[in-house]
2 protein chains.
Amino acid sequence: MSQLSTKSHTEAIMGLAGAKSGDRGSPNPCEACAVRGLSVCSALEPEDLPRLDRIVSHIQVSPGQLVFLEGDPADHLFVLTDGCIKLYKMLIDGRRQITGFLFPSDFLGLAMRERYAFSAEAVAVSALCRFPKRQLEQLLVEIPALERRLLGVASNELAAAQDQMLLLGRKTAQEKLGSFLHSLLRRTAPRSKAQDRIHLPMSRADIADYLGLTVETVSRCFTRLRKDGVVDFTTPQDVLIRDLGMLSDLSGVSDEY
Amino acid sequence: MSQLSTKSHTEAIMGLAGAKSGDRGSPNPCEACAVRGLSVCSALEPEDLPRLDRIVSHIQVSPGQLVFLEGDPADHLFVLTDGCIKLYKMLIDGRRQITGFLFPSDFLGLAMRERYAFSAEAVAVSALCRFPKRQLEQLLVEIPALERRLLGVASNELAAAQDQMLLLGRKTAQEKLGSFLHSLLRRTAPRSKAQDRIHLPMSRADIADYLGLTVETVSRCFTRLRKDGVVDFTTPQDVLIRDLGMLSDLSGVSDEY
DNA sequence: CGTATACTTGAATTGAGTCAATAAGTGTGG
DNA sequence: CCACACTTATTGACTCAATTCAAGTATACG
């Protein structure tokens with residue numbers, strides 16, 4: 001288990017990244033980006049997009065592949081354009097806490113100083129835009145709107161982190177699962193056709209490590225939610241929400257202001 | 001328990017704040033501020049300080065008094081200059097999770113959009129500088145270094161939030177207490193005379209709600225740490241670190257990179 | 001088609017919680 | 001200064017939600 005070694009693993013991806021970047025025919029891919037309007041990039045005026053194109057490269061990662069490892073020099077920032085990424089921290093004995101799942105348009109790389117504070121690993125086949133930190137920092141100076149936007153993203157992430165602390169510290173296993181499904185629904189439903197269906201790209205073990213539980217408890221709680229008529233499973237990865245009211249009650253948060 | 005009402009409680013303090021602000025003799029108190037070099041204000045050049053003085057007011061809060069309540073309109077940002085503040089979120093049934101303790105020089109008010117995402121309440125008699133959000137945002141536009149600094153603060157807080165998620169989701173009660181003492185030592189020792197003593201301004205109940213435990217478990221774990229020779233208590237609020245090595249081991253984090 | 005992997009289910013165990021009592025401070029007023 | 005009430009912290013006995021250990025079942029894959 002060399003997961004916590006301080007050796008940089010970012011290089012492993014860089015070759016792939018270069019290849020992928022070179023493959024692209026379009027001279028300004030940012031303009032055609034599917035998540036542009038949703039991500040931090042929306043802070044840019046159309047005429048500024050080429051400046052982003054100049055410093056961006058594109059990488060792809062397969063399930064289980066690392067984007068970076070906790071402790072690696074934090075040389076790059078990312079925007080996830082497709083797939084799903086998990087972020088996690090580990091204790092020396094292997095206990096793991098997943099601190100977040102990223103979905104398309106999410107920004108990656110805020111919680112860092114000189115080195116990444118957590119590891120990032122692909123859950124599904126994923127595509128990311130990669131920005132060299134130095135060059136992006138230069139852009140921040142030139143485009144204040146981008147920095148403002150980044151502060152907004154950080155603010156949202158901090159609020160989400162506090163919700164997760166409330167979940168981890170004070171909710172029951174059943175409530176944790178309910179909250180998890182509820183927040184996934186809010187994040188992914190807008191971009192999906194079926195408003196009452198959730199696809200779970202991550203394993204039960206990932207869900208357990210995100211909620212501070214074990215796989216067995218996750219499985220048991222899912223079964224109970226199914227028996228109570230709150231949800232149903234087409235496959236273990238595909239959830240149908242049958243009673244949104246009950247799910248909201250379980251998640252413990254009355255409603256958003 | 002009207003703790004979660006959406007009515008603003010900020011007004012209760014504003015009268016006090018005005019009085020306190022008026023009391024001050026100095027025309028530019030920021031210049032003489034004890035925590036200036038440590039807080040976000042250090043991003044300002046000396047010649048910019050008067051601009052901060054123009055929009056700042058000073059408030060004081062007693063233990064148990066609210067600075068603001070979750071859901072209040074987020075009209076102000078703060079810098080803690082003295083004392084200790086706890087931040088928390090609650091579930092409808094009263095379960096509480098403290099998401100952080102603030103100490104002098106800490107910034108308050110990042111995790112918010114239109115409304116505060118958590119409540120802030122004084123643990124000890126505390127003094128804060130209060131900045132109207134609109135006016136501070138204007139300053140951010142004019143002083144890019146301030147915005148850069150704020151992004152750095154947000155980055156640090158996000159990293160701390162992830163450490164706390166690891167603690168809440170995966171550490172044992174004993175490890176939680178060890179980590180808590182260890183991080184308090186790192187935060188407050190540099191500013192204190194005794195490098196091996198920690199003062200705990202918060203109650204056992206606050207510590208429990210911060211670590212996702214009960215008061216009884218906190219008490220039992222403290223007793224065990226004492227019996228194991230890791231710490232000793234002069235009073236229930238004053239801890240003497242007797243074996244820093246053991247404490248570090250317990251906290252589970254090998255070391256900082 | 002066999003084998004590894006992921007998920008589910010059951011039985012036994014346990015770490016932390018709940019309930020209850022005691023002890024130690026803290027402050028108030030006589 | 002002491003007696004009283006009140007809050008905070010500690011300790012003990014018992015309980016339980018979630019974990020651990022152990023099968024079993026389904027699903028994907030070479």
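Quick note on labels: first sequence line is chain A, next is B, and so on, each numbered from 1.
- For C:dT8, one of the phosphate oxygens OP1 or OP2 lies less than 4.0 angstrom from a side-chain nitrogen or oxygen of A:R204.
- As a whole-Å value, the separation of B:E175 CD from C:dG15 P is 12 Å.
- Rounded to an integer number of Å, the gap from CZ of A:R224 to C1' of C:dT8 is 17 Å.
- Using a 4.5 Å heavy-atom threshold, the side chains of B:F107 and B:N156 count as separate.
- Here A:T217 reaches the OP1 or OP2 of D:dT19: one of its side-chain N or O atoms lies under 4.0 Å away.
- The pair A:R96-A:D206 counts as a salt bridge, with a side-chain nitrogen and a carboxylate oxygen less than 4.0 angstrom apart.
- Atom-to-atom, CZ of A:F222 to P of D:dA26 comes out at 19 Å; the value is rounded to the nearest Å.
- D:dA18 atom C1' lies 12 Å from atom CD of A:Q174, rounded to whole Å.
- Atoms CG (A:L168) and P (D:dA17) sit 20 Å apart, rounded to a whole Å.
- In terms of position on DNA chain C, the residue among A:K227 and A:P236 whose nearest nucleotide sits closer to the 5' end is A:P236.
- Counting any heavy atom pair closer than 4.0 Å across all strands shown, B:S219 reaches a base atom.
- The nucleotide whose nearest atom lies closest to any side-chain atom of B:E216 is, among D:dA9, C:dC19, D:dA22, C:dC19.
- Here B:R204 does not pair with B:D209 in a salt bridge; the nearest charged N to carboxylate O distance is not below 4.0 Å.
- Taking 4.0 angstrom as the limit, B:T223 places a side-chain polar atom (N or O) nearer than this to OP1 or OP2 of D:dT11.
- You'll find a donor-acceptor pair under 3.5 Å spanning the side chain of B:R220 and the base of C:dT18, going by distance alone.
- A salt bridge is absent between B:D238 and B:R197: the closest approach of a Lys/Arg side-chain nitrogen to an acidic carboxylate oxygen does not fall below 4.0 angstrom.
- Close to D:dT19, at under 4.0 Å from its OP1 or OP2, lies a side-chain N or O of A:T214.
- Atom CG in A:L200 sits roughly 13 Å away from atom C1' in C:dC7 (whole-Å rounding).
- When heavy atoms are screened at a 4.0 angstrom cut-off, B:T172 is found touching the sugar-phosphate backbone but no base atom.
- At whole-Å resolution of the value, CZ in A:R170 and C1' in C:dA16 are 11 Å apart.
- Taking every heavy atom of both residues into account, A:Q60 and A:V125 meet most closely at NE2-CG1, 4.0 Å.
- Between A:C221 and B:Q237, the one whose closest nucleotide on DNA chain D sits nearer the 5' end is B:Q237.
- One can place CG of B:L213 at 5 Å from P of C:dG17, the figure rounded to the nearest angstrom.
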